[in-house]
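Taking it in order: structure first as structure tokens, then the write-up.
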Amino acid sequence: MSRPILVVEHILSANDRLAEANRARLDAARVFAVNLMASPGAGKTSLILQTIGALKGRWRIAVVEGDLASTIDADRIAAEGVPSVQIATGGECHLDAAMIQSGLDRLPLDEVDLLIVENVGNLVCPAEFRLGVHRNVLIASVPEGDDKPYKYPPMYRGVDAVILNKIDVLSAFDFNMEYFRRGIEALNPGAAFFPLSCKTGEGVDRWLDWLEKEMRTYREG
Ligand code: MG
Ligand code: ZN
């Protein structure tokens with residue numbers, strides 16, 4: 001069984017090299033890039049729309065939209081008037097560094113401060129493919145349940161921040177916040193945590209404050 005493993009390692013290291021090239025390109029243009037990962041329906045696009053609405057007066061924002069097939073989310077982003085590129089992954093269940101490279105080719109990087117990457121909705125393999133971004137963020141949501149950190153540890157282990165979306169429906173679900181947080185802490189001590197609702201706007205400010213603080217730190221560095 002060693003052969004298939006070697007092939008996978010080879011593919012991953014090729015991806016890592018491309019990710020490093022993406023990072024160099026982003027840094028040369030001083031573009032701060034954030035990768036948003038989540039299961040389908042957790043609210044990636046909603047969070048992006050909230051973030052654009054709040055920050056577009058202060059920062060120049062662009063979006064790379066990964067989707068299996070449709071342009072529904074890309075169209076919603078484009079309606080906000082920010083540059084966006086759609087990466088139709090053609091059935092691939094994650095974005096990889098080569099796809100990001102092709103997205104960067106189609107964006108005016110010198111006119112962008114913040115690049116938001118919406119990964120394909122999937123809680124398994126996006127964690128395995130480095131893209132070259134500066135921060136990785138996982139969006140969970142209340143209806144998915146409080147046991148997700150325990151069931152999908154690689155996704156929770158590698159991120160800088162965890163967002164818990166849809167807290168407006170907490171009372172309708174048997175969701176134990178303490179259990180959820182303990183699961184994150186065990187895998188990823190000190191990860192930023194933002195419970196919020198894209199629907200009501202509750203808690204979104206704390207996410208925006210963190211994002212802007214990370215951006216400023218990056219730009220001063
Ligand atoms: Mg979406
Ligand atoms: Zn995949």
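Every number for a ligand or one of its atoms is a count from 1 in the order of the listing. Residues: numbered from 1 along the sequence shown. As a basis for the values below, the full set of heavy atoms in this structure was taken, side chains included, without hydrogen atoms, waters or symmetry mates.
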field: Worked verdict on S141 versus N165 for side-chain hydrogen bond (donor to acceptor under 3.5 Å, both in side chains)
entry: CA-CA 4 Å; S141 67; N165 189 22; over 6 Å; no
field: Electrostatic pair E212-R58, nearest N-O below 4.0 angstrom
entry: yes
query: Taking 4.0 angstrom as the limit, do R60 and E111 come out as a salt bridge?
result: no
message: Aromatic contact between Y156 and Y150, with the criterion being ring centroids under 6.0 Å apart: yes or no?
response: no
task: Round to 10° and report the angle made at the Zn ion (ligand 2) by SG of C125 and SG of C93.
output: 110°
query: Within the stated cut-off of 2.8 Å, is an N/O/S atom of E65 closer than that to the Mg ion (ligand 1)?
result: no
- prompt: Does T45 put an N, O or S atom under 2.8 Å from the Mg ion (ligand 1)?
  reply: yes
- request: Give the name of the N/O/S atom in D73 that lies closest to the Mg ion (ligand 1).
  value: OD2
task: With the Mg ion (ligand 1) as the reference point, give the N/O/S atom of E118 that is nearest.
output: OE2
query: So F180 and F193, would you call those rings parallel, tilted or perpendicular, with 30° and 60° as cut-offs?
result: tilted
Name, closest N/O/S atom of H94 to the Zn ion (ligand 2): ND1
